[in-house]
Structures are given as C-alpha cells and as structure tokens.
Amino acid sequence: MIRSVPVLKLATALVTMLASAPGFAGQLPIPEGPSSFNMRQDPMPELPQIKPALSYVVLMPSPDGTVGRVVLAGERGDKVLAQAREGAWLDGRGNTASVGKEDLDRDFSGAMAARPPMPEQFVLYFELGATALTKESAAVLPRIVDRIRTLPTVDISVVGHTDTLGKSEANEALGLMRANFIANELKQIGGKNMTITVESNGERNLLVVTLDETNEKKNRRVEITLR
Amino acid sequence: MSNKRFVFSTLVVWSLAAVPMMSQAQTESVGYVKTVTGAAWITTAGQRVKAQPGTPILMGSQLKTAPAASLGVTFKDNTVMSFGPDTELTVDEYLYAPAKGQLGIAARLDKGTLTYISGVIAKLKPEAVSVKTPAGIIGVRGTSFMAMVEESQ
C-alpha cells in the first residue's frame, strides 16, 4: 500500500501532463488505486480512454414545428446545423451527428423543465378613427383579462396601430391613444407582478398592406403580447 | 495549452468590449425571470439578487443557477431561454428598437445548459443573434437550440 504511493503519483502526474497537452481538453480518469498497475513490473498499460469535454450544441424544432439553422464558429472549425436534433461539438471539431433522445434528456431535462410558457398574442380591432373597440373585440377583452389573472407574473406589451387614412403624425398619436386605452383597462387588474409597456406604430406596421389613405378595418388594431 | 490561450485571449477581448458597452448600459429591463427551481441569482451592475418570478433582466446582467437549480427567462422580443443546474450566462448586449433598426442579442454561456427559442430579433435580423461559449460562437438563424458547456479543467 505505502510502497505503491509514488507509483500512483507518477501515474497521476503522467495523466495530468497528458491532460494539459494540446487537444486534450477533457477529464481523464485517475487510476483507481494501487492495484491498477506497477510500472517496474508490468508492461506499460493501455492509456485510459480520453473523454472529450462534453460541450455541444444541438438544433431543435421551433415550437411551431419549423426547423431553422444554427451556424457555429468553433475554435477548431465551423459547422452548420440544419436538421432537427443535429448536434456539433462547440469547438467545431469532427462531424455533426444526430443526438439521441436519451442524451438530450440526460443533459437538458433540468433546463427543459424550466422553460417558461411561450408568449401569447391577442389582437383587438377598433372603429374608424376612434379609440372605441369593435363589438367583437369588446367581447374579447374580458377573455384577455381572465387570462392575465391566471399568470403568476406577466409583462405585457401593448402596441397601437392605425390604417393609412389621415396624416402619419396624426396616426402615431391615434395609435398611442388606442394603446393607452387598452393599457388602462389592463391596469385595472392590478397585481404586483405585472408590468405594461405601451407604444404606437401608427400606420408604419400594417397588418394588411394598403395604399395610403385607405380605410382598412384590420389595420385599426392594438396588439397585446403576454409574456 | 492552445485551448487555455484561446480562452484567455477571448476573455481579454470580451473585457475590453465590455468597457464601452457598460458606459451606455441601459436601466431598462430587457426581460423577466418567469420560472425558478432551487437557488438562482441575477447580478446586474454589481448588485446580486436572488431570482424569483418577475425579477428583471437588464443588459449586462449575469444569470447563475446553483447545482440542482433551474431558471427560465422571457425577453422583450419573445426570445425564451431556460437554464439547467450550475449554469452561468451573461447578457452582453440586447438591442430591441425595431423602429430605429437597432436589433441584436449577444449572450455568453460560460458553463452549464441552455435551451433557446428565438424571438422577433432573430426573425428581423438573424445575423445579429449570437451565443458565445468558451470553445465556439453559436449563430442563431431563427430557430431553437440547446447547448451544454462543460467547464474545461
């Protein structure tokens, strides 16, 4: 036991030296005990298998089912991921490969369970040139209020829009009045974990693209996002 | 060695880049904590607070989870990120002013696990969204991904 300590130290030093050599970023298992090998008597054993640092990126489908792309610029190469569950080492070495469900569950179950709900969007429509909701949208507003009440914490953005009738400056102001009207309704809900931001896009962000000076009911709207 | 040197030089570049960025640091929230399990902290301008639902995230905030903890954050542009145990992420840059054409997210994942669902910024200006890690930079092209960074020994 005592005699083999220097041998173990030597083995540990060798392993440490290898670990710090270029290209060996991973952890190396330390030999398990004095019985693992004795340099004087035994031939040099096989070097332990080197486990690379498990640093990787994997492309996932978006919540809407589409699959985009990830472009990786790594220390040792560049990669493009274009298929669902295609993964690459973060340093860009080697080839990309499909990552199995077991691996994803093992590595990401904690992070996946913490994922907040996706933001929800609602659109309310307005009467011509006014801050009065259409009859249909007036009926939708209480449903949004109910939804907000179920959320433990919510930040809300309220963005007002207009159609292209009238001057663009006037429409900026009208969009803001519409947004403020809705924001004030939502503020009645109260609750300490609610923040509301209000802005106007005026006639700059049309839902239905029209020529200038066009009466279009779908453009007279407020978009509400609950996050 | 080459690995360490890379990490070191990258850190130098980042710390230099952080100087002009901090001078225009914004006091506006860019996102909020939505979920927390276990202990997690948000450090903004040297102030560390325990994360709870509703804790604001600002440009420059560092997000950290304890072992066995997790955290979920939703940003202004509907980007959704969540973090597993023993994770550190810094929001180096967050610009969301579509009317002025100012759009961009630069985050830095030093260790741990991240799931990422991109939002409006990645749709409007995909080349302006990146997550740096010690070994490589992830560019997001309007999508969802997950990344794990094991600290180099």
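Every chain is numbered from 1, with letters handed out A, B, ... down the list of sequences. Every heavy atom of this structure was used, including side-chain atoms; hydrogens, water molecules and symmetry mates were not. Just so it is clear, the model here is predicted, and its values are computed rather than measured.
- The contact between B:V73 and chain A is made entirely by backbone atoms, counting heavy-atom distances below 4.5 Å.
- When only modelled atom types and interatomic distance are considered, A:S109 and A:R106 share no side-chain donor-acceptor pair under 3.5 Å.
- For A:S62, the parts lying under 4.5 angstrom from a heavy atom of chain B are both the backbone and the side chain.
- In this structure, chain B has a heavy atom under 4.5 Å from the side chain of A:P119, while its backbone stays farther away.
- Note: B:N78 leads B:V36, B:V140, B:V33, B:N78 in heavy-atom pairs under 4.5 Å with chain A.
- Side-chain contact between B:K64 and B:Q62: present, with at least one pair of heavy atoms (C-beta onward) separated by less than 4.5 Å.
- The two atoms that bring B:S82 and A:M112 nearest to each other are OG-N, 4.4 Å, heavy atoms only.
- Only the backbone of B:F83 comes within contact range of chain A, with heavy atoms under 4.5 Å apart.
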Chi angles and distances behind the salt bridge (Lys or Arg N to Asp or Glu O under 4.0 Å) call for B:K125, B:E127
CA-CA 6 Å; B:K125 202 174 176 189; B:E127 70 281 9; 5.3 Å; no
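- Side-chain contact check for B:T115 and A:R115: at least one donor-acceptor pair (N or O, by modelled atom type) lies under 3.5 Å.
- No other option in A:L81, A:V58, A:D91 has as many heavy-atom pairs under 4.5 Å with chain B as A:V58.
- Only the side chain of B:V80 has a heavy atom closer than 4.5 Å to any heavy atom of chain A.
- At a 4.5 Å heavy-atom cutoff, the contact between B:I117 and chain A is made by side-chain atoms alone.
- Neither the backbone nor the side chain of A:R85 comes within contact range of chain B; no heavy atoms are under 4.5 Å apart.
- For a residue to count as touching a neighbouring chain, one of its non-hydrogen atoms must lie under 4.5 Å from one of that chain's; by this rule A:T225 touches chain B with the side chain only.
- The candidate from B:T37, B:T65, B:L71 with the greatest count of non-hydrogen atom pairs under 4.5 Å with chain A is B:L71.
- Checking B:D92 against B:T90 by side-chain atom types alone, no donor-acceptor pair falls below 3.5 Å.
- For the 3.5 Å distance criterion, the side chains of A:E86 and A:T96 qualify, holding a donor opposite an acceptor.
- Residue B:I121 holds its CD1 atom at 7.5 Å from CG of B:L95, rounded to the nearest 0.5 Å.
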